[in-house]
Amino acid sequence: MRLSELFFTSLRDDPAEAEMPSHRLLLRAGYVRQLGSGIYSLLPLGFRVSQRVEQVIREEQDRIGGQEMEMPVVHPAEVWKDSGRYYKIGPELVRFKDRGERDMVLAMTHEEVVALLLRDIVQSYRQLPMMVYHFQTKFRDEPRSRGGLIRVREFVMKDAYSCDLDDAGLDVSYRMQYEAYERTFKRLGLDAIAVGADVGIMGGSGAHEFMVLNEYGEDTLVLCDHCGYAENQQIAQVRKPDPPAEAALPMEDVATPDATTIDALATFLGVPSSKTAKAAFFVTGDGRFVAAIVRGDHDVNETKLVNVLKATGGLRPAQLDEIKARGMEAGYGSPIGAKDAVIVVDELVMRSPNLVAGANRVGWHVKNVNVPRDYTPDLVAEITNAREGDPCITCGSPVKLRNGIEVGNIFKLGTDFTIAFGSMYLGEDGARHPIVMGSYGIGVGRNVACIVEAHHDEKGIVWPDEVAPYAAHLVAIGAGRDPKVAELADRLHDLAKDAGREILYDDRDESPGVKLTDAELLGMPWILTVSARSLAAGGVEVTRRQSGERRTVGVEAAEALLRTGSLPTA
RNA sequence: CGGGGCGUGGCGCAGCCUGGUAGCGCGCGUGCUUUGGGAGCACGAAGUCGUCGGUUCAAAUCCGACCGCCCCGACCA
């Protein structure tokens, strides 16, 4: 591909809005352009990378028996109403009406469609197990997109669905996908780790997320270097040792002017935050008012809280007037004297004597609160976030917290969807059973961005061979003056094309500085320079982008590199 | 949805406070020179100053509304 003809331009300056290296480099090097918030075009170079990433994913899905197909982007809303998700999912599910006033949705994922297809096609246990997948555009109206391609609203996702006879079969499929993901991310040049994860809107019995560590990551991971424990903070547990034993003392009101935060309260009273209780107020999607009580030195984990409450539609923070209406006072809140509220208490609070809690009066707290002596919890559960340095749940070593970007996920779905849609098979035993499903996603664009995050330097992108849009970048310097240079460069370009390994050929009439700078910015694994100087030195200058290693080789060696993708060993 | 910031040729920005008919660098076009690390000179093209409304003799500039984009937050009161 001649650079003079490529639909592309590189930018000399960093785009103002790009913060993450991947975003900045993909814009500057002419791989992508933004159309709207969280909506991007892939220019030819970006599309080629995306295609190569897809191909790696495809090969690994095919290897475990996945069958590629394609399902629609636009679904009749009926389908989503039948599964119940039409009502459970918030505004991120785009809803609209067609010309006939029929409710439609833009698909976020395809469990419903697969379940419907199974009902249609699978009759007998002889047709299972079975695994299908597709690459398809998703639109999710995220509340806030960010980070270039990392979190977008429209994106291509590989989603796969396993269909098994029973849980044991699902375990096998799940394992196969787990291993396919490990191979996939390794080939993509990503150092992904699998962490246990919440099942969220997918339901089901288990899930892993494949995470790439990154400071801009939106997920927090709880990791133990000692035993290898790794889970998303949303579900991670740590050991929470008993506090020192104390005899329960009588409650006592204490004036605490302006102490509306735990820090202020602990400072004012001269006690550690672990001797206080914190109240957080929420309203569930199904309309319940919730007061969550954790110790002052911990934070409420909303995911755990949602799961304990079995709250459909999630949680939102309560408004001040809603809190007051339940007999509580924001900043000085506790369940003492509360009414019409679901009181959820962290189990550590149950074990912690004589805490300072809110008095539900402005400027007042209560000392020596003991549960359940002083108020009655509706639910007791483990509802806090793991903290840096907490003891690992399995081995007791201090855990660390790291940010991660989710590059893929795998879910054990179970039978929720197939029961909802009546997707049954007739078993060997003559009885009808629901098909057991799993679902497995990889976001293609996000992986492209993560690859750049992991493979770049101060000069530009450094593509791994497996996903580079072109294997080599051929730079001709001074071709206008020296016919020999033009002749050799043209010939090498044609030779690569004839060998079925098209390369990028910078035939532009630009200064050497521009061309060499662009070559490093664009990031092809090999940079070949043809110039009067290289000819005088014996042929073609070859630079390995990854290592920066540079040497001049003979024309035959350069030809071999273009034909085979590697330099013949001297 | 809450808070903050920004919107001026393709890109990066100044001008706005203190209203007076739009500017810089890069890029782009033509010509000449130059040619291994973002070349030089000359000439040139290109902007409804996000949109709508208001104030004013006069608005990029002041006021209001709206739209768009970016960042933080949407978790503890």
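Each chain gets a letter, A, B and so on, in the order its sequence line appears, and its residues count up from 1. Computed over heavy atoms, backbone and side chain alike; hydrogens, waters and symmetry mates excluded. Owing to the predicted nature of the structure, the values given are computational and were not obtained by experimental measurement.
Atom NZ of A:Lys367 has 12 or fewer heavy atoms from other residues, nucleotides or ligands within 6.0 Å. With a 6.0 Å radius and a threshold of 12 heavy atoms from other residues, nucleotides or ligands, A:Asp509 has its CG atom at or below the threshold. The 12-atom threshold is exceeded at CZ of A:Phe96, counting heavy atoms of other residues, nucleotides or ligands nearer than 6.0 Å.
B:rC69 sits 16 Å from B:rG50 when the P atoms are compared, rounded to a whole Å. Taking atom C1' on both B:rA60 and B:rU8, the two are 7 Å apart, rounded to the nearest angstrom. Between B:rG38 and B:rG47, the distance separating the two P atoms is 32 Å to the nearest Å. B:rU61 and B:rG53: their P atoms are spaced 14 Å apart (whole Å). The P atoms of B:rG40 and B:rU35 are separated by 14 Å, rounded to the nearest whole Å. Nucleotides B:rC24 and B:rC43 place their P atoms 13 Å apart, quoted to the nearest Å. The C1' atoms of B:rU48 and B:rA42 are separated by 32 Å, rounded to the nearest whole Å. The gap from the P atom of B:rA39 to that of B:rG27 amounts to 7 Å, rounded to the nearest Å.
Checking B:rC76, B:rG36, B:rG38 against the side-chain heavy atoms of A:Lys278 singles out B:rC76 as nearest. Distance from the side chain of A:Glu541 is smallest for B:rG36 among the nucleotides B:rG36, B:rC76, B:rA74. Distance from the side chain of A:Arg481 is smallest to B:rU35 among B:rC76, B:rU35, B:rA74. Distance from the side chain of A:Ser37 is smallest to B:rC69 among B:rC69, B:rC76, B:rC71. Of the candidate nucleotides B:rC76, B:rA74, B:rG38, B:rG38 has the atom lying nearest to any side-chain atom of A:Asp518. Between B:rG36, B:rG12, B:rG38, one nucleotide has an atom nearer to the side chain of A:Ile477 than all others, and that is B:rG36. Checked against B:rG38, B:rC11, B:rC76, the side chain of A:Asp13 finds its nearest nucleotide in B:rC11.
Put simply, NE2 on A:His23 is 13 Å from P on B:rC69, counting in whole angstrom units. Taking atom CG of residue A:Asp299 and atom P of nucleotide B:rA74, one finds them 11 Å apart after rounding to whole Å. Look at CZ on A:Arg146: it is 15 Å from C1' on B:rG4, rounded to the nearest Å. Here the C1' atom of nucleotide B:rC76 and the CD atom of A:Glu302 are 9 Å apart, to the nearest Å. At whole-Å resolution of the value, CZ in A:Phe281 and P in B:rC76 are 12 Å apart. Computed from coordinates, the A:Asp482 CG to B:rG36 C1' distance equals 13 Å when rounded to whole Å. Remark: P of B:rC28 and CG of A:Leu11 are 12 Å apart, rounded to the nearest angstrom. Here the P atom of nucleotide B:rU30 and the CG atom of A:Asp509 are 11 Å apart, to the nearest Å.
Atoms CG and OG, from A:Leu355 and A:Ser334 in turn, are 11.0 Å apart once rounded to the nearest 0.5 Å.
Within 4.0 Å of A:Ala18, counting heavy atoms only, lies no atom of the nucleic acid at all. Residue-level contact check: A:Ser534 touches the bases, meaning some heavy atom is under 4.0 Å from a base atom. Among the protein residues, A:Tyr332 comes within range of no part of the nucleic acid, since none of its heavy atoms lies under 4.0 Å from any strand. Within the 4.0 angstrom heavy-atom criterion, only backbone atoms of the sugar-phosphate kind lie near A:Asp14; the bases stay farther away. Residue A:Gln319 is classed as having no contact, given no heavy-atom separation below 4.0 Å to the nucleic acid. When heavy atoms are screened at a 4.0 angstrom cut-off, A:Gly480 is found touching no nucleic acid atom at all. When heavy atoms are screened at a 4.0 angstrom cut-off, A:Glu329 is found touching no nucleic acid atom at all.
Nearer the 5' end of RNA chain B, as judged by each residue's closest nucleotide, is the contact made by A:Ser10, out of A:Ser10 and A:Gly331. When each of A:Arg550 and A:Ala259 is assigned the nucleotide of RNA chain B with its nearest heavy atom, A:Arg550 is the one assigned upstream, toward the 5' end.
Residue-to-nucleotide contacts include no donor-acceptor pair under 3.5 Å from the side chain of A:Arg28 to the base of B:rG27. No donor-acceptor contact under 3.5 Å links the side chain of A:Glu510 to the base of B:rG38. For A:Glu520 against B:rG38, a side-chain-to-base donor-acceptor contact under 3.5 Å is absent.
Residue A:Arg12 places at least one side-chain N or O under 4.0 Å from the OP1 or OP2 atom of B:rG27. An OP1 or OP2 oxygen of B:rA39 is reached within less than 4.0 angstrom by a side-chain nitrogen or oxygen of A:Ser511.
Nucleotide B:rC26 forms a pair with B:rG10, judged by Watson-Crick or G-U wobble geometry with both contacts under 3.5 Å. The pairing partner recorded for B:rG53 is B:rC63, the criterion being a Watson-Crick or G-U wobble arrangement whose two distances lie under 3.5 angstrom. Using Watson-Crick or G-U wobble geometry with both donor-acceptor distances under 3.5 Å, B:rG38 finds no partner in any strand shown.
Between the side chains of A:Asn354 and A:Asn370, at least one donor N or O sits under 3.5 Å from an acceptor N or O.
In this structure, A:Arg545 fails the cation-pi test against A:Trp526, since its NZ or CZ atom is not both closer than 6.0 Å to the six-membered ring centre and inside 45 degrees of the ring normal.
A ring-ring contact (aromatic ring centres under 6.0 Å, His included) with A:Tyr31 is found for exactly one of A:Tyr40, A:Trp463, A:Phe47, A:Phe7, namely A:Trp463. Checked options A:Asp346, A:Thr384, A:Asp299; the residue passing with A:Lys278 is A:Asp299 (criterion: side chain to side chain donor-acceptor pair (under 3.5 Å)).
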